[in-house]
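Chain A is the first sequence line, chain B the second, and so forth, proteins listed ahead of strands; every chain is numbered from 1.
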Amino acid sequence: MPEWLAPDLAIQGSYFLTAVLFIVGLKRMSSPVSARSGILWAGAGMAVATLITFLYPGMSNYGLILPAMFVGGALAWWSGRRVAMTDMPQMIALYNGMGGGAAAAIAAVELYRGETASYATTTLAVAGGIIGAISFAGSGIAFGKLQGLITRSIRFRGQQVLNLLLLAVTLVLGALVAAHLNASPAVVSSFFVLALVLGLTMTLPIGGADMPVVISLYNALTGLAVGFEGFVLNNAAMIIAGTVVGSAGTLLTQLMARAMNRSLGNVLFSGFGDTGAAATGEVTGSLKPIEASDVGVMMAFAQKVIIVPGYGMAVAQAQHKIWELAQLLIDRGVTVRFAIHPVAGRMPGHMNVLLAEAGVPYDLISDLDEINAEFETADVALIIGANDVVNPVARTDKSSPIYGMPILNADKAKNVIVIKRGKGAGFSGIENALFYLDNTRMLYGDAQKAGAELIQAIKAV
Amino acid sequence: MTGIVALYIFMLAAFTGYEVISRVPVILHTPLMSGSNFVHGIVLVGAMVALGSAHTPLEKTIGCLGVLLAAGNAVGGYVVTERMLEMFKSSGARSTQKRKP
């Protein structure tokens, strides 16, 4: 350990305090009642750690540190304040990627300097470097896909072989550096370039429907990379915070993958939608359109209406209109429930955040397990821009790529109304059998506009 | 910090992360992912130290990039998490305030 890194009591004490504040903060964030204060605790921890680091012995380059912090922080502050709630997932992907990039940058500085002493240190720097670089490039692609900048999932024959080859070469170069065999700038540079390319090529073939899992995975990876670089810099705050996020993120990723009934390996290494193209033509029947006025009457005289929101609601920013609609129905004595699929939208809990924004109380919102038995007793199931999560093909068609995924049993309701912009298939590219059922009617239009029409229709009843 | 102590910290921190998140309701998954995204913004501290000890122009350039990205991670993560959690208020607090359409 270089001498300037010698632990000073104030710094170590502050980092200890930061670790405590982070863990308490995360703990508080895991309950709706205290969640708000959780981020304040964690924020306080970050402030303490950042300020005390200016006192690090042997620090120089303040003229570079302060402007870089200011520019990065100001840009993030500006974009974070401006972004719409519906676009949160891609912003999280973006900020997460930046963290991964920073971890890789730390590794790069340490490895280019080449004076890191032990094998353990260089190995950890290399490990954090490759993970951080993959997370950086991969999160960038995830951002591009969710933001609509990248609309195609690029897949070709032998892609996985190529990725494995890339990974192997990157690991060999990393091993060369880690084992002090050849840590020349050329080798270190090639190592980082290849790791970045690997992040791109790993993420490009993954379909948009799998992005929640991918973002969560990269979040966990960034945490791990930060933890590893913490070992390199002998920084306890980074080790603890990074590792906590690494393991929490891994658990979250598993929960999500399980909700989609897919293994993580399946998400990462199978081209989602490849088999879906073959299975599409098999749906028979026709799409039956309906007018908003008829839907209004149907819902106004229903006993029970279950609303199933999906990404379409997020895109149209329709959550306020939908809640207004639900309140009208509740005032008429209709029982209204919101049914949320674990992977509805682009992140788990995405729909809950949007409904919370509109002011929907928690007790009206139900998980898949709670609500599924209730569809049989519902008069109307109102599907708003949801698709794959209500596709009954997942129960019946073994050849479908989503076969086995737990779905909301909206097809069991007496009437199914689907608000949808057009006739296209869902994000997975699979035709939805629900839309062709005898008890299903299609209400075409943007969810915001359709919601407004329904409100008018119910008021007119 | 000796290697074995670091290993203990790693192990205990891993279990802590697992425990903290294991009883989380689905409604908080997105804010919590965002919150944990903010927490790994602590990489800012490391990036500051790396840049603070950089000598060559190459090291300084990469170090600057690291600090810039890390600050973005920390600040952006905080802002979006705070905005999301701001909406999680108790029913009592919510009824008194008017929501914008």
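Annotation: maximal heavy-atom pairing with chain A below 4.5 Å, among B:G66, B:G52, B:A47, B:A74, occurs at B:G52. With chain A as partner, the option from B:L32, B:T61, B:V39 having the largest number of non-hydrogen pairs under 4.5 angstrom is B:V39. The greatest number of non-hydrogen atom pairs below 4.5 Å with chain B, out of A:W323, A:W77, A:W78, A:F70, is found for A:W77. Comparing A:S31, A:G45, A:G73 by how many heavy-atom pairs each has under 4.5 Å with chain B, the most go to A:G73. Most heavy-atom pairs under 4.5 Å with chain A: of the set B:G41, B:G35, B:G46, this distinction falls to B:G46. Ranked by heavy-atom pairs under 4.5 Å with chain B, the first of A:S60, A:A241, A:G249, A:A105 is A:S60. Between chain B and the options A:V83, A:I23, A:V71, the largest number of non-hydrogen pairs under 4.5 Å is found for A:V83. Per-residue counts of heavy-atom pairs under 4.5 Å with chain B were compared for A:G100, A:A120, A:A220, A:G43; the largest is that of A:G43. Heavy-atom pairs under 4.5 Å with chain B peak, among A:A42, A:G101, A:A104, at A:A42. Contacts with chain A were tallied for B:E19, B:H55, B:E59; B:E59 has the most, counting heavy-atom pairs under 4.5 Å.
If you measure heavy-atom distances from A:F228 to chain B, the contacts under 4.5 Å come from the side chain alone. A:I240 touches chain B through backbone and side chain together, each having a heavy atom under 4.5 Å away. If you measure heavy-atom distances from A:L66 to chain B, you find no contacts under 4.5 Å at all. With a threshold of 4.5 angstrom between heavy atoms, B:L44 approaches chain A through side-chain atoms but not through N, CA, C or O. Interface residue B:I62: backbone and side-chain heavy atoms are both found under 4.5 Å from chain A. Only the backbone of A:R82 comes within less than 4.5 Å of a heavy atom of chain B; no side-chain atom from C-beta onward does.
Panel note: side chain B:N37, backbone B:G77; no donor-acceptor pair is recorded below 3.5 Å. Judged by distance alone, the side chain of A:N235 and the main-chain N or O of A:M238 form a donor-acceptor pair under 3.5 Å. The main-chain N or O of B:L12 is found under 3.5 Å from a side-chain atom of B:T16 such that the two form a donor-acceptor pair. In this structure a side-chain-to-backbone donor-acceptor pair under 3.5 Å is missing from B:N73 to A:G97.
Looking at residues two or more places apart in sequence or on another chain, you find a side-chain contact (heavy atoms from CB on, under 4.5 Å) between A:F136 and A:L196, B:L69. Every ring-ring contact (aromatic ring centres under 6.0 Å, His included) that B:F38 has, sequence neighbours left out, goes to B:Y78.
More than 12 heavy-atom neighbours from other residues, nucleotides or ligands sit within 6.0 angstrom of OH on A:Y62. For CZ of B:F15, the number of neighbouring non-hydrogen atoms (other residues, nucleotides, ligands) closer than 6.0 Å is 12 at most.
When all heavy atoms of A:T53 and B:V49 are compared, the closest pair comes out as CG2-CG2, 3.8 Å.
Between A:S79 and A:Y95, the side chains place a donor N or O and an acceptor N or O closer than 3.5 Å (distance only, hydrogens not considered).
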